[in-house]
Chemist: 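Before anything else, here's the structure in question.
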Protein chains: 2
Amino acid sequence: MSNQKFNVAVVGATGAVGEQILGLLEKRDFPIGKLKLLSSARSAGTVINFKGLDVIVEEATPDSFEGIDIALFSAGGDVSKEFAPHAIRHGAVCIDNTNAYRMDPTTPLVVPEVNAEKINDHVGIIANPNCSTIQMVATLKPLQDAYGIDRIIVSTYQAVSGAGSQAIDELLRQSKAVLDNDHVEPQILPVGSLPVKHQIAFNAIPQIDKFQDNGYTLEEMKMVNETKKIMGDETINVTATCVRIPVVYGHSESVYVELKQDYDLGEVKKLLENSPGITVVDDPSTQSYPLATEAAGKPDVFVGRLRRDLGHQRGLNLWIVSDNLLKGAAWNAVQIAEIIVSKHSERS
Amino acid sequence: MSNQKFNVAVVGATGAVGEQILGLLEKRDFPIGKLKLLSSARSAGTVINFKGLDVIVEEATPDSFEGIDIALFSAGGDVSKEFAPHAIRHGAVCIDNTNAYRMDPTTPLVVPEVNAEKINDHVGIIANPNCSTIQMVATLKPLQDAYGIDRIIVSTYQAVSGAGSQAIDELLRQSKAVLDNDHVEPQILPVGSLPVKHQIAFNAIPQIDKFQDNGYTLEEMKMVNETKKIMGDETINVTATCVRIPVVYGHSESVYVELKQDYDLGEVKKLLENSPGITVVDDPSTQSYPLATEAAGKPDVFVGRLRRDLGHQRGLNLWIVSDNLLKGAAWNAVQIAEIIVSKHSERS
């Protein structure tokens, strides 16, 4: 083991994902030399305790990244686009949790359980995929390897924390208002920057992110395009319906997959049980299946309700749940950072 | 128009669906002669106001149905099995909202927008389909007629009211407990009669009704089998994932349908707009799509998010929402009763 330390910057340190990243860096005892917490001007000055020390959050500037080895971005695509080039210029490797570079052909899009080897190909930035994509591809990768995948039809049940801290506050505030028979005035969801707002408390909103010209939302198109890129197969057909539901932490997904070959259900279960990062929870006799409330706070992806499409021999239904802020964001990013560190240590 | 009146019995008058049936009979000015409200011994004695008159709920007995023309059952399958034969013996036509007779080959399973003509074939009982099935087949019928349907892959987002009044109380009680940081002790959901309970507040539970030997829940198998029977085509492949979410009224469904022929999306929209009982809400530019909170209290089925599977020319995604206690139960039953009355009036 090397004793080498790495200077780390966390951009978006005060956000919902930034908070989880810091918690993981602390818990995993990440070999940090200097830690720099960066944010917008609005949040600068916030004090965050890290391993017993108070760290003051600074406003990100082009020169904030001097001496930084690894920069973790989760402050929105515009911030990544503005500052990642400066971080690279200062010699840092960027792990970007936003949508800014995911589909850029020169940027690896990485879920370590699926395509960790792509990390080596980076030219400064490694992109962290969308939360709803990560948990799905992590689960489907062993099936792709064993049987091949023809198509995926997915419907999501996504937590409000995916839309940030303000959306969490909104769900809780609206829920209380409904219970108290008070007036509900939606302010954030479905999309903060769009004019029309809908109630999320005791509702299901079939819109996550902006609509594209083809009638799909950006979230749905992320699932389509990122899945193909991460799984390294442009021929996989993916169609998605992304829905926000009144859950705080944990995305659930009803995934229908059509394999290229016939499969044995017991074999699929064993494959998943033996896959890193995947926990199978699937026992109808004890009413056991993955639940958002159980997945919250845990790094794993949980899968259950495994069953064959009764009308299609190669069709398989799965219920996939994971904490969208952990494996769906912070944990996947920290996993990538740990792999970078271990590769660096191997070389040194 | 005939002035003929019909003696009506409502079995399960104090339940969530019974209450809606009475509301509709009143609102629709149903030609009622005598109204008999029946229930279990536990709820007998309850007084219900109907059109300004207080009606005392009586315990159902084999002779409760003497002189009754139309009996509407929504008190559970066992009650229907016990009393429907007596109602028939007394000359009544039964409209049964439970699962007791739906798959009985001699019992028509009717959604008026789909197969109203089957009402004529009854031999005493007409079955009202499962709530999640009704809104789906009502929407898909015009597509079946125009293009034919190969397969359906559906994931549901179902309201707790489908599990009765106690489940509504449970969701509201649990939500308050979570907001107050109190202990949550699940008591009803997912299935009242099963030992394991799960939190529904701020969660998504992928179990509605009991598990079958094939790994599917009974709710999922209802969607598979009832759809084939109602649509009159055993070759339609249906696979379903049924999920309870923290919504009080209104089931939402992400439905993927593969048609037998290529289609034009604008034509599909027009077809649905011109279909009885269907309201299209589908305009991305105004963030308009069906929402459970908007559908609650309305009789229609709402459909939107219409879009082609980008990887499959005959694949179509739809988002279908309806009030599970109205079109999904009470309104469909009252529609059937109205058709029976109108046919009777035509003959007399």
Side-chain angles (χ1 to χ4, degrees), chain A residues 151 153 155 157 171-172 175-176 178-179 190-191 194-196 198-199 201-207 211-212 214-217 224 236-241 243 245-248 250 252 254 256 265 284-293 304-312 315 317 319 321, chain B residues 151 153 155 157 171-172 175-176 178-179 190-191 194-196 198-199 201-207 211-212 214-217 224 236-241 243 245-248 250 252 254 256 265 284-293 304-312 315 317 319 321:
Chain A
R151 64 193 299 198
I153 296 165
S155 298
Y157 302 65
L171 170 60
L172 301 178
S175 300
K176 188 171 184 317
V178 171
L179 293 173
V191 183
L194 291 182
V196 179
H198 297 298
Q199 176 181 323
F202 306 104
N203 207 6
I205 305 179
Q207 180 185 7
F211 280 102
Q212 310 298 291
N214 62 9
Y216 286 82
T217 60
V224 173
I236 297 178
N237 282 334
V238 184
T239 194
T241 300
V243 182
I245 64 166
V247 165
V248 183
S252 303
S254 170
Y256 177 86
L265 195 61
S285 76
T286 57
Q287 298 173 254
S288 299
Y289 30 72
L291 292 169
T293 48
R305 298 295 328 272
L306 302 171
R307 61 214 193 282
R308 192 188 300 275
D309 178 352
L310 301 172
H312 197 295
N317 286 300
W319 179 251
V321 181
Chain B
R151 63 193 301 199
I153 296 164
S155 298
Y157 303 66
L171 170 60
L172 301 179
S175 300
K176 187 170 184 321
V178 170
L179 293 173
V191 184
L194 291 181
V196 179
H198 296 298
Q199 176 181 324
F202 305 103
N203 207 5
I205 305 179
Q207 179 184 8
F211 280 103
Q212 312 296 291
N214 62 9
Y216 286 81
T217 61
V224 173
I236 298 178
N237 283 333
V238 184
T239 194
T241 301
V243 182
I245 65 167
V247 165
V248 182
S252 303
S254 171
Y256 177 86
L265 195 61
S285 75
T286 57
Q287 299 174 253
S288 299
Y289 30 71
L291 292 169
T293 48
R305 298 295 330 271
L306 302 171
R307 61 214 193 281
R308 192 187 302 274
D309 179 353
L310 300 172
H312 197 294
N317 287 300
W319 178 252
V321 181

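Since the structure is predicted, the reported quantities are computational estimates derived from the model, not experimental observations.
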Chemist: Quick check on A:Pro190 against chain B: is it the side chain, the backbone, both or neither that has a heavy atom closer than 4.5 Å?
Modeler: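 Answer is side chain: those atoms of A:Pro190 sit under 4.5 Å from chain B.
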Chemist: Quick check on A:Arg151 against chain B: is it the side chain, the backbone, both or neither that has a heavy atom closer than 4.5 Å?
Modeler: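 Looking at A:Arg151, just its side chain touches chain B.
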Chemist: Non-hydrogen atoms of chain B under 4.5 Å away: do they reach the side chain of A:Leu194, the backbone, both or neither?
Modeler: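 For A:Leu194, backbone and side chain are both near chain B.
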Chemist: Using non-hydrogen atoms and a 4.5 Å limit, figure out which bit of A:Ile245 sits close to chain B: side chain, backbone, both or neither.
Modeler: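 For A:Ile245, the side chain is the part near chain B, not the backbone.
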Chemist: Highest number of heavy-atom pairs under 4.5 Å with chain B: which of A:Gly215, A:Ser155, A:Pro206, A:Ser254?
Modeler: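 Of the options given, most contacts go to A:Pro206.
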Chemist: Out of B:Val247, B:Asn203, B:Val191, which one racks up the most heavy-atom pairs below 4.5 Å with chain A?
Modeler: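 Ranked by contacts with chain A, first place is B:Asn203.
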Chemist: For chain A, find which of B:Asn214, B:Val243, B:Val224, B:Ile205 contributes the most heavy-atom pairs closer than 4.5 angstrom.
Modeler: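 Most heavy-atom pairs under 4.5 Å with chain A: B:Val243.
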Chemist: Between the side chain of B:Tyr216 and the main-chain N/O of A:Arg308, is any donor-acceptor distance below 3.5 Å?
Modeler: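 A pair under 3.5 Å: yes.
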Chemist: At a heavy-atom distance under 4.5 Å, which candidate from A:Lys176, A:His198, A:Gln212 has the highest pair count against chain B?
Modeler: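 With the most close heavy-atom pairs to chain B, the winner is A:His198.
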Chemist: For A:Ser252, is it the side chain, the backbone, both or neither that has a heavy atom under 4.5 Å from a heavy atom of chain B?
Modeler: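 Side chain only.
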Chemist: Only pairs of heavy atoms separated by less than 4.5 Å count here; which of A:Thr293, A:Val321, A:Asn237 has the most with chain B?
Modeler: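 Option with the top pair count is A:Thr293.
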Chemist: Checking heavy atoms, do the side chain of A:Asn317, its backbone, both or neither come under 4.5 Å from chain B?
Modeler: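 Side chain of A:Asn317 only, per the 4.5 Å heavy-atom cut-off to chain B.
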Chemist: Using non-hydrogen atoms only, which part of A:Phe211 is less than 4.5 Å away from chain B: side chain, backbone, both, or neither?
Modeler: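 Only the side chain of A:Phe211 comes within 4.5 Å of chain B.
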Chemist: Counting only heavy atoms closer than 4.5 Å, note whether A:Leu179 contacts chain B via side chain, backbone, both or neither.
Modeler: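 Contact with chain B: side chain only.
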Chemist: Where does A:Thr217 contact chain B at under 4.5 Å (heavy atoms): side chain, backbone, both or neither?
Modeler: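 Both parts, backbone and side chain.
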